[in-house]
**Q** 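Sending over a structure as structure tokens; questions will come in a sec.
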Amino acid sequence: MKLHVHNTLTKRKEEFAPLDPANVRMYVCGPTVYDFAHIGNARPVVVFDTLYRVLKRLYPGAVTYARNITDIDDKIIARALASKRTIDDITQETTRAYHEDMGAIGALRPDHEPRCTQTVPEMVAMIAKLVASGHAYAAEGHVMFNVPAFADYGRLSGRSRDDQIAGARVEVAPYKKDAADFVLWKPSTPEQPGWESPWGRGRPGWHIECSAMSEKLFGPTFDIHGGGQDLIFPHHENEIAQSVCAHDGVQFVKYWLHNGFVIVNGEKMSKSLGNFYTVRDLRGKAPGEAIRLLLLKTHYRAPLDFTDDGLKQAKGDLDRFYTALKNASDVTPSAAKADKVFDALLDDLNTAKAIAEMHEYASVLNAPRSPDAKAALLDAGALLGLAQGDPLAWFQSDAEGPSAADIEAAIQARLDARKAKNFAEADRIRDDLKAKGVILEDGPKGTTWKRG
RNA sequence: GGCCGAGUAGCAAAGUGGUAAUGCAUCGGAUUGCAAAUCCGAUAUACGGCGGUUCGAUUCCGCCCUCGGCCUCCA
């Protein structure tokens, strides 16, 4: 079975055939670092992290994953002004928090995390090239990309020129030659961060960064470009225009992948609506691993309705996996692989199916306790970034509630009571612990406990 | 207005041209001193609506309805 992915460019599922199997390249749009990441920001991270894991298995040692960090942006400038902090301070702290949060939800670090501030010369060079080739023009300190100069504009998002004009709500700046033209470079005031350029001191527009950073790392053409569906237009459409025109018409990206939104109460979760949950906050409610599983339970292109109950259920799913592993601690895993899970992932990253198969492995591990099932369950977890931890730690490590020593002491007291057939006392101890969030399980090898 | 996506049992969520996985929930039973965990079994008129193609559609086509999104910063 071969990997198939849904390509936004063709609107259909296609077999994935890398440009160069010895050099598979994936670029995903990363965060603008001015605030904590919310669960909607986390979705593409987890989705493409899973794809990264699949690609690494298919092309061992040949996959390069890049995810940028946008550290030049007007929202950052605004945040700095409002909080009286420096831009560096904000971007560095936010980047650190981002790494923590994404690590907590099991995301591997990309091979490269390019930053805008370290790619300005490349952006300037690309803009200059576009000006020289007639695809862009300077006007009033700005440099604009001239959309009519790129015949293929609109192909990714499926928008025609007429649609653009009909639906245009954008205020047309007087220096634009065409209403659809967009900014490559804009002037900075003395207070704003800026860099010297042939068009004066200024800063890059939003879209050019990804074109420049991907070119720097990957060259003019690469395999996969990912991001959220809200980036299809205008961001990715504009990236294509810039990159293709800067590279004499050479193809930019072979496969465009986009994840669906996280919604809450029927509405898209977004910063502008203010209806978002930060990953940081959710980590206080559930383990990061449960947040990850929640994001993977729905196919990546479908909308995902976030609820507290869904988060609880995801936690419950993990409990089931870890229970199976805990109860099978004496089973030595074979060399079996999670073939069904892998096949599901190869089919356009069908994580929902993959998790269902993972449940099947857990069932087999519970019942016939087969070494194959244990190996497969663990392998499934490795592919999905789940259930890799120590089962006892999963159930027992929690800051709240009685200490492990107190619990052990209570268990011993209860054991004594049971030996004396004093079941009333034994049950009292058990109920007491339960009230404190500790559940006891009497098994053939003695009593174990977990935090509920 | 243009474009895009979604609508499957109580909940979540896959999937298929021949009446539909999986998990949770619910109900029995096994096991247990009683539980928990696990196992066995059961339940549910579940595929938004109306047409069409077909021997047969939830699955293909058309129209419609509902919800959401993009067209302006946004994962």
Side-chain angles (χ1 to χ4, degrees), chain A residues 8 11 28-32 37-48 73-75 78 154 157-160 162-171 180 182 206 226-235 237 258-263 265-273 276 293-305 307 309-310 312-317 319-321 323-324 326-328 340 344 347 350-360 362-363 365-369 418 421-424 426-427 430-431 434 439-444 447-450 452:
Chain A
T8 307
K11 295 183 176 56
V28 174
C29 286
T32 299
H38 60 68
I39 182 81
N41 303 124
R43 190 174 193 190
V45 172
V46 168
V47 164
F48 292 106
D73 183 275
D74 287 0
K75 289 191 290 291
S157 56
R159 290 159 205 267
S160 68
D162 293 345
D163 296 341
Q164 294 298 320
I165 293 159
R169 283 189 269 147
V170 193
E171 199 179 326
F182 58 89
W206 174 32
Q229 280 173 354
D230 48 355
L231 295 180
I232 295 172
F233 188 90
H235 186 51
E237 195 71 71
H258 293 95
N259 63 275
F261 301 120
V262 176
I263 58 178
N265 295 325
E267 272 190 322
K268 176 187 171 188
M269 181 184 292
S270 75
K271 289 194 171 166
S272 40
L273 289 171
F276 60 90
L293 177 55
L294 172 71
L295 292 171
L296 292 175
K297 282 180 77 170
T298 302
H299 183 84
Y300 77 93
R301 283 189 288 113
L304 190 161
D305 199 351
T307 61
D309 188 56
K312 278 194 197 96
Q313 288 207 18
K315 165 72 163 57
D317 286 324
D319 284 343
R320 186 166 188 270
F321 297 142
T323 297
K326 178 168 80 93
N327 292 344
K340 288 179 177 176
D347 183 12
N350 191 340
T351 51
K353 175 96 184 308
I355 290 163
E357 298 294 353
M358 200 168 159
H359 274 291
E360 300 274 1
S363 293
L365 181 56
N366 280 333
R369 295 166 58 79
R418 291 177 72 202
K421 301 275 185 212
N422 185 354
F423 293 121
D427 290 351
R430 187 174 60 199
D431 290 344
K434 192 176 179 185
I439 294 162
L440 298 189
E441 298 176 345
D442 296 329
T447 300
T448 59
W449 61 275
K450 65 181 180 188

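Here is how names work: the chains are called A, B, and so on, in the same order as the sequence lines, proteins then strands, and each is numbered from 1. This structure is a prediction, so every number in the text was calculated from the model and none was measured.
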**Q** Select base, sugar-phosphate, or nothing to describe what A/Asn41 touches, counting heavy atoms under 4.0 Å on all strands.
**A**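 Touches a base.
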
**Q** Mind checking A/Glu357 for me? I need base, sugar-phosphate or nothing, with any heavy atom below 4.0 Å counting as a touch.
**A** nothing

**Q** Applying side-chain hydrogen bond (donor to acceptor under 3.5 Å, both in side chains), can you list everything that pairs with A/Asp74, at least two apart in sequence or on another chain?
**A** A/Lys186, A/Arg203

**Q** Rounding to the closest angstrom, what is the interatomic distance between B/U53 and B/A12 at atom P?
**A** 36 Å

**Q** Would you please name every residue forming a ring pair (Phe, Tyr, Trp, His ring centres under 6.0 Å) with A/Phe276, sequence neighbours left out?
**A** A/His38

**Q** Measure the distance from CD on A/Glu267 to C1' on B/C70 and round it to the nearest whole Å.
**A** 15 Å

**Q** Could you check whether any side-chain heavy atom of A/Pro234 comes within less than 4.5 Å of a side-chain heavy atom of A/Arg159, counting everything from C-beta outward?
**A** no

**Q** Could you write out RNA chain B as a dot-bracket string, with dots for unpaired bases, | for bases paired across to another strand, and Watson-Crick or G-U pairs counted at under 3.5 Å?
**A** (((((((..(((.....[...))).(((((.......))))).....(((((..]....))))))))))))....

**Q** How far does the C1' atom of B/U38 sit from the matching atom of B/A44, given to the nearest Å?
**A**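 The answer is 25 Å between these two C1' atoms.
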
**Q** Quick one: list whatever passes salt bridge (Lys or Arg N to Asp or Glu O under 4.0 Å) with A/Arg43, sequence neighbours left out.
**A** none

**Q** Taking atom C1' of B/A14 as reference, at what distance in whole Å does atom CG of A/Leu304 sit?
**A** 14 Å

**Q** Heavy atoms under 4.0 Å, any strand shown: does A/Val28 hit a base, just sugar-phosphate, or nothing?
**A** nothing

**Q** Roughly how many Å apart are B/G18 and B/C60, using the P atom of each and rounding to a whole number?
**A** 12 Å

**Q** Distance check needed: B/A75 P versus A/Met269 CE, whole Å only.
**A**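 To the nearest whole Å, that distance equals 13 Å.
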
**Q** Looking at every non-hydrogen atom in both residues, tell me the closest pair between A/Ser363 and A/Arg320 and how far apart they are.
**A** OG-NH2, 2.8 Å

**Q** Heavy atoms, side chains only, cut-off 4.5 Å: are A/His235 and A/Asp230 in contact?
**A** no

**Q** Contact class for A/Gly316 vs. all strands (heavy atom < 4.0 Å): base, sugar-phosphate, or nothing?
**A**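 Here A/Gly316 touches no strand at all.
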
**Q** Which residue, A/Lys353 or A/Ala356, contacts RNA chain B at a nucleotide closer to its 5' end, judged by nearest heavy atom?
**A**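 So the residue in question is A/Lys353.
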
**Q** Take atom C1' in B/A13 and the same atom in B/U22, then report the distance between them in whole Å.
**A** 8 Å

**Q** By side-chain hydrogen bond (donor to acceptor under 3.5 Å, both in side chains), which residues pair with A/Thr8, not counting sequence neighbours?
**A**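 A/His258.
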
**Q** Side chain of A/Pro234 only, please: which of B/U22, B/A75, B/C73 is the nearest?
**A**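 For A/Pro234, the side-chain atoms sit closest to B/C73.
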
**Q** Write down the distance separating the P atoms in B/A42 and B/A35, rounded off to the nearest Å.
**A** 24 Å

**Q** Using whole Å, report how far NE2 of A/His235 lies from C1' of B/C73.
**A**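 Distance, rounded to whole Å: 12 Å.
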
**Q** Just checking A/Gly40: base, sugar-phosphate only, or nothing, at a heavy-atom cut-off of under 4.0 Å?
**A**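 Touches a base.
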
**Q** Who pairs with A/Lys297 by side-chain hydrogen bond (donor to acceptor under 3.5 Å, both in side chains), at least two apart in sequence or on another chain?
**A**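 Only A/Asp317 meet the side-chain hydrogen bond (donor to acceptor under 3.5 Å, both in side chains) criterion with A/Lys297.
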
**Q** Please list, chain by chain and in numerical order, all residues satisfying side-chain contact (heavy atoms from CB on, under 4.5 Å) with A/Lys450, sequence neighbours excluded.
**A**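 side-chain contact (heavy atoms from CB on, under 4.5 Å) list for A/Lys450, sorted by chain: A/Phe395, A/Ile439, A/Glu441.
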
**Q** With sequence neighbours left out, what residues match A/Phe321 under ring pair (Phe, Tyr, Trp, His ring centres under 6.0 Å)?
**A** A/His359

**Q** Using the C1' atoms only, state how far B/C34 lies from B/U16, rounded to an integer number of Å.
**A**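 It comes out at 47 Å once rounded to the nearest Å.
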
**Q** Just the rounded figure in Å: distance from C1' of B/U22 to NZ of A/Lys340.
**A**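 Checked: the NZ to C1' distance equals 12 Å.
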
**Q** When you measure from the side chain of A/Phe233, which nucleotide among B/G23, B/C70, B/G15 comes out closest?
**A** B/C70

**Q** For A/Phe182 and B/C73, give me the distance from atom CZ to atom P, rounded to whole Å.
**A**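 That distance rounds to 12 Å.
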
**Q** For nucleotides 5-12 of chain B, which of its nitrogen or oxygen atoms have a protein nitrogen or oxygen under 3.5 Å away, and what is each distance?
**A**
none

**Q** I'd like to know if the side chain of A/Arg430 pairs up with that of A/Thr447 as donor and acceptor (distance under 3.5 Å, no hydrogens or angles considered).
**A**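 No, no side-chain donor-acceptor contact under 3.5 Å.
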
**Q** B/A25 C1' sits how many Å from A/Asp317 CG, rounded?
**A** 13 Å

**Q** According to salt bridge (Lys or Arg N to Asp or Glu O under 4.0 Å), who are the partners of A/Glu237, at least two apart in sequence or on a separate chain?
**A** none

**Q** Using the P atoms only, state how far B/C61 lies from B/C4, rounded to an integer number of Å.
**A**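 To the nearest whole Å, 14 Å.
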
**Q** Please give the distance between the P atoms of B/C47 and B/C39 as a whole number of Å.
**A** 30 Å

**Q** How would nucleotides 29-39 of chain B be written as a contact map, 5' to 3', with B for base contact, S for sugar-phosphate-only contact and - for no contact, using protein heavy atoms under 4.0 Å?
**A** ----BBBBSSS

**Q** For the residue pair A/Ile355 and A/Leu296, what are the closest heavy atoms and their distance?
**A**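 Shortest heavy-atom contact: CD1-O, 3.5 Å.
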
**Q** With sequence neighbours excluded, what pairs up with A/Asp431 under the salt bridge (Lys or Arg N to Asp or Glu O under 4.0 Å) test?
**A** none

**Q** Please report, rounded to the nearest Å, how far the C1' atom of B/A14 is from the NE2 atom of A/His359.
**A**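 Roughly 12 Å, once rounded to whole Å.
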
**Q** With nearest nucleotides of RNA chain B determined for A/Lys271 and A/Gly266 from heavy-atom distances, which residue corresponds to the more 5′ nucleotide?
**A**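 Closer to the 5' end of RNA chain B: A/Gly266.
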
